[in-house]
Amino acid sequence: MTTSKNSLSKKWWKEQIIYQIYPRSFFDSDGDGIGDLNGIIEKLDYIKSLGVTAVWVNPFYASPNDDNGYDISDYRKIMDEFGDMNDFDEMIKGFHQRGIKFIMDLVVNHSSDEHEWFKQSRSSRYNLYRDYYHWWPAEKGKPNHRFSYFDEKGDAWKYDQQTDSYYLHYFSAKQPDLNWENPELRREIYDIMHFWAKKGVDGFRLDAFQFISKDTTFPAFPEGYQDDVVDVIKHHGMGPTLHNHIREMNQEVLSKYEVFAVSEGAGSSFEDAHSLVDEDRNELHMVYHFEGVEIGNGLDDPHTLADFKEVHSKWEEAFKDKGWISIFLANHDVPRMVSRFGNDSDEFRAVSSKMLNTFILTMRGTPYCYFGDELGMKNIYFEDINEYQDIAAINGYKKALSEGKDMQKFMQNLRFYSRDNSRTPMQWDNTENAGFTSGSPWISVNSDYKEVNVASQENRADSVLNHFRTLTKLRTENDILVYGVYQQVEPDHPHIYAYTRSLDNQTWLVILSFVETDANLKLPNNMQTFEIQANNYSQLSIDDGWLKLKPYQAVVLSQKE
Ligand code: GLC
């Protein structure tokens with residue numbers, strides 16, 4: 001019997017199960033084809049019924065929507081299409097009445113170019129707001145290359161005639177980067193955080209946060225630099241002042257409320273990640289890293305189960321004694337979980353979705369469950385560039401075209417990896433537009449909605465939805481799934497990912513099959529007698545100490561004394 005006492009301290013935010021809502025696509029209450037806050041309010045009981053304990057709602061601040069709300073023009077106002085501040089107040093009250101915490105998306109690496117600060121800033125070199133952003137006077141020549149994710153040329157500097165200067169935008173040209181080296185700007189941001197914390201939000205998800213501090217001399221990059229995942233993070237973010245700023249934010253805001261903060265991005269090493277969240281540093285509470293959703297990032301580079309196990313195990317190992325990470329397999333920036341890591345064919349979509357939900361809800365780290373994944377929603381796989389809504393897709397297409405890339409290959413990758421795949425409307429029932437809107441939806445509804453929807457799964461005991469509920473309940477009722485020590489079992493098994501979670505005198509075993517054929521696993525000696533806590537099939541076959549798993553079978557077993 002494994003006896004292990006976990007040294008990690010207990011904290012309320014470690015115990016949350018977070019449900020991520022993309023508000024534009026969740027539920028449209030007024031028929032304009034766009035989801036809204038009242039839509040969320042109408043679905044509060046559904047959200048409660050999932051057994052999640054917190055929600056993170058993507059940005060709903062005033063925005064011209066160049067990047068669907070990640071370009072904010074007023075941090076204290078609600079986007080017109082989504083409602084108003086009364087709706088917000090009612091929504092957060094509704095969550096709190098149901099014991100659900102509310103996490104706000106805070107997008108302060110950049111604002112919209114339509115924010116008043118930027119309008120002022122660009123108006124004159126002598127404007128009081130000039131230093132709220134990063135400007136490069138043209139008489140100094142063209143600034144050194146900086147990469148932009150959404151720019152048609154991948155260039156983060158945009159020339160602005162009005163003051164004969166370039167401004168910096170790591171994302172789209174309508175998302176100028178804020179200058180965190182300016183104390184007045186930082187003060188404004190803390191004021192914004194106080195505003196929302198006083199309204200009762202329980203946490204902040206800090207968007208693109210590793211980029212807030214950069215070397216503002218903007219030196220040339222070393223030879224060999226490439227605009228790839230590693231180099232971009234290393235050379236564009238995690239700058240020299242990052243920790244001073246975070247400590248200040250912690251002192252000025254976070255420490256004054258019962259709130260937690262999670263950073264999007266964890267730097268480019270475990271040391272970076274630890275430096276953001278280790279408790280003795282009094283900075284942030286949790287990070288999420290991208291490695292888990294970057295494996296096999298491209299159709300030419302398919303991932304294997306070995307890659308999947310390796311990434312999740314190495315992060316687990318690195319954080320076993322200190323710090324805390326998030327666990328997720330999808331969000332609004334990546335493809336649907338089942339299409340990416342499971343099997344979205346008609347035959348295996350449901351069972352492999354249940355298996356992946358079992359993974360998310362039995363790992364150590366705070367689980368983030370993306371809306372629709374509790375139903376097994378899959379990629380929409382747009383074929384035509386005109387169907388895409390996302391600026392990353394549209395400008396990425398223009399960039400590839402102008403660089404003479406193989407467009408057929410580009411489109412094949414986009415079809416699978418585009419962010420629009422995970423932004424299609426929530427599938428509520430089998431009526432027109434999946435019951436999402438009575439109008440015309442802002443983005444196409446996935447054509448599988450007649451089979452895959454809440455109404456059809458609600459009363460079926462074996463649905464993906466009800467399996468999800470079983471697992472949230474299990475996690476909420478069993479600390480072992482939150483704090484228990486993780487250890488892989490048969491790490492080299494080519495088809496199965498198995499691990500134990502152990503706490504005090506208890507051990508649980510999680511077994512996940514990742515293949516569409518049967519697979520076998522020898523039961524470890526200490527697990528010969530057990531109880532089944534969760535199973536995505538009605539049976540579990542055992543033969544002479546061997547588990548005989550069905551395709552994508554996922555079971556959670558607790559050791560019997
Ligand atoms: C984050 C968001 C993404 C957004 C970007 C710019 O990565 O998750 O959706 O486009 O930041 O704000």
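As the structure is a computational prediction, the values presented were derived from the model and not from experiment. Counting convention: from 1, in listed order, for ligands and their atoms alike.
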Please write down residue, atom name and distance for the protein heavy atom closest to [atom].
| atom | result |
| --- | --- |
| atom 5 (C) of ligand 1 | Phe171 CE2, 3.7 Å |
| atom 9 (O) of ligand 1 | Asp333 OD1, 2.7 Å |
| atom 4 (C) of ligand 1 | Asp67 OD2, 3.3 Å |
| atom 11 (O) of ligand 1 | Asp207 OD1, 2.9 Å |

Describe, in one word, how the ring planes of [X] and [Y] are oriented to each other, choosing from parallel (under 30°), tilted (30 to 60°) and perpendicular (over 60°).
| X | Y | result |
| --- | --- | --- |
| His274 | Phe319 | parallel |
| Phe27 | Trp428 | perpendicular |
| Phe118 | Tyr167 | perpendicular |

For this session: May I have the step-by-step check of side chain to side chain donor-acceptor pair (under 3.5 Å) for Ser339 and Asp344, ending in yes or no?
Result: CA-CA 5 Å; Ser339 303; Asp344 67 6; 2.7 Å; yes

Should you measure from each heavy atom of [X], which atoms of ligand 1 turn up under 4.0 Å away?
| X | result |
| --- | --- |
| Phe150 | 10 (O) |
| Arg419 | 3 (C), 4 (C), 9 (O), 10 (O) |
| His110 | 6 (C), 12 (O) |

Exercise. Judged by atom type as modelled, is there a donor-acceptor pair below 3.5 Å linking the side chain of Ser213 to the main-chain atoms of Leu242?
Worked result: yes

Exercise. Would you say Tyr170 touches ligand 1, if touching means a heavy atom closer than 4.0 Å?
Worked result: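 The answer is no, since Tyr170 has no heavy atom less than 4.0 Å from ligand 1.
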
Exercise. Quick one: CG on Asp448 to OG1 on Thr424, what's the gap to the nearest 0.5 Å?
Worked result: 8.5 Å

Exercise. Does the pair Asp89 and Lys199 meet the rule for a side-chain contact (heavy atoms from CB on, under 4.5 Å), with working shown?
Worked result: CA-CA 8 Å; Asp89 291 338; Lys199 280 192 161 289; 2.8 Å; yes

Seminar exercise, completed: Heavy-atom proximity to atom 7 (O) of ligand 1, picking from Glu264, His332, Arg423, points to Glu264

For this session: Could you tell me whether Tyr149 approaches ligand 1 through its side chain, its backbone, both or neither, with non-hydrogen atoms closer than 4.0 Å?
Result: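 Neither; no heavy atom under 4.0 Å.
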
